[in-house]
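A quick write-up on the structure given underneath.
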Amino acid sequence: MRIQLTQAVTLDESGQRLRPIEMRIVDGVIDSLSERPLPREEGWQVYELGGGLVLPGLVDAHTHLYQSLGTGLYDGLGVNAWLEALIHGYTLSEDEAYDATLLGCVEAIRSGTTCVSEMTELAFADAAAQAILDSGLRASLAVMVGDQAEGNNPPDMNTHQALAATRSFFERWNGAGWGRLKVLMGPVGLAACTLDLVRGMRALAEELHTQIVTHCAEGPTETEAVRARYGASEVEMLERCGLLGPDCALVHAVWLSERDLQIIANHTGRVVHCPSTNLKIADGIAPAAALLKKGIPVALGCDGAASSGTYDLLKEARLASLLAKGSGMDAAALPAEQVLHMLTDYGAEASGWSGKVGRLAVGYRADLTVLRYPQAHLLGERGLLSRLIHNTAAGDVAAVFVDGSPLLWDGHMVSVDEEALVQRAAGRLRRRDFGPGAYPQKGQPPQAAPQEWAYFSRRTSKND
Ligand SMILES: [Zn+2]
């Protein structure tokens, strides 16, 4: 398949200069880039982008798309009560999981995302994988597995079953869609995993040549539970199990000590920052600026919409920038150039697509996000990158390409029958209560944490 994109602009590597861009794509890979118009040749499919602003496809480095039907149903629950309510109340059949995941895919595509790192549940993992495959998105998929009780939530498998289920899912889905899907290892988080499972996951990742993603230090309660169990922090324990490395993404990483930051940096680890979830279910505030200052690439994640209340990676970018500035009392924290990396190549690295997506460069996959340009709120050249980070949202996305194929074109979904899907999903919401509803709430667990764990979240001045 030979595709030519024309009539577009892009920002140069510095993010300070706008330049015209023409692109040729062969078999899903960027074959040539030019600032001058390329000749039209017979047999090439041409897409005229109407002056649109082309970016490397945005990468959502952590999400749970299957939670889309729970959006707006779990207000007022802190992280532990939220998790318990979700585990016991948000139970999906395979058909429901397919539609819920596909609905999440539509939101992802409409907001300019080309690649997601999805953590899904074993009970409907195949349906979720099929939905993502059908949506046309690129994805890293991990089945969340745990073999240890976390609070009131007993494990639904033992260590052997967790490893076997992961291996089997990998064998079924890794490389599907001509390489568009990749399967990662997904120990759900140390609070719900034995050390044997964590070590087993590292061994399996090595054997299968894939990466790892895990929740880490999201809320104070589970962070403290791990410390009480082992006498060491989550990060320290993950290091002892050999899990950390450039191929391991730690999601959330809110409750970190200075020592934890140094350990992650020593292992060239990756972190995924999910600001909307961290605020809405009162996890705390992740030390994104401090992590980046240590040289740790921090990617962005929308997380599940049942916890974040929204799905829009551009909104997450804006929020990450503002949170870092406001919580650290440092207006220079997370400059727009850095946030663009968080949205693109850092996300690709955290999701296992390093060197394949995240840049507009010859040899990279042709995953592209195209914004309408110019518009009243997105124009000019000087300051354009700041406008892009602080002043755009899903509605600005005109087109999305994955492997050179359009998933969204002129604001319309191409890869999914959106109208039919929305009708089906609305019917499901009428028939079933997906909220905490019948599940008896036990009240909010204590959210306060000892001072040593509260260092970053309570920090109000960079001079503290
Ligand atoms: Zn998550």
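Atoms within each ligand, like the ligands themselves, are counted from 1 in listed order. Treat the numbers as computed from the prediction; the structure is a model and nothing was measured.
- Among the atoms of H215, an N, O or S atom is found under 2.8 Å from the Zn ion (ligand 1).
- Classification of the H252-H215 ring pair by plane angle, with boundaries at 30° and 60°, yields parallel.
- If you put the vertex on the Zn ion (ligand 1), NE2 of H62 and NE2 of H64 sit 100° apart, to the nearest 10°.
- Not a single N/O/S atom of C274, whether from backbone or side chain, sits less than 2.8 Å from the Zn ion (ligand 1).
- Between the side chains of N80 and E84, no donor-acceptor pair of N or O atoms lies under 3.5 Å.
- Applying the salt bridge (Lys or Arg N to Asp or Glu O under 4.0 Å) rule to pairs touching residues 299-316 yields nothing, sequence neighbours excluded.
- Aromatic ring pairs are classed by plane angle as parallel below 30°, tilted from 30° to 60° and perpendicular above 60°; the pair H341 and Y346 is parallel.
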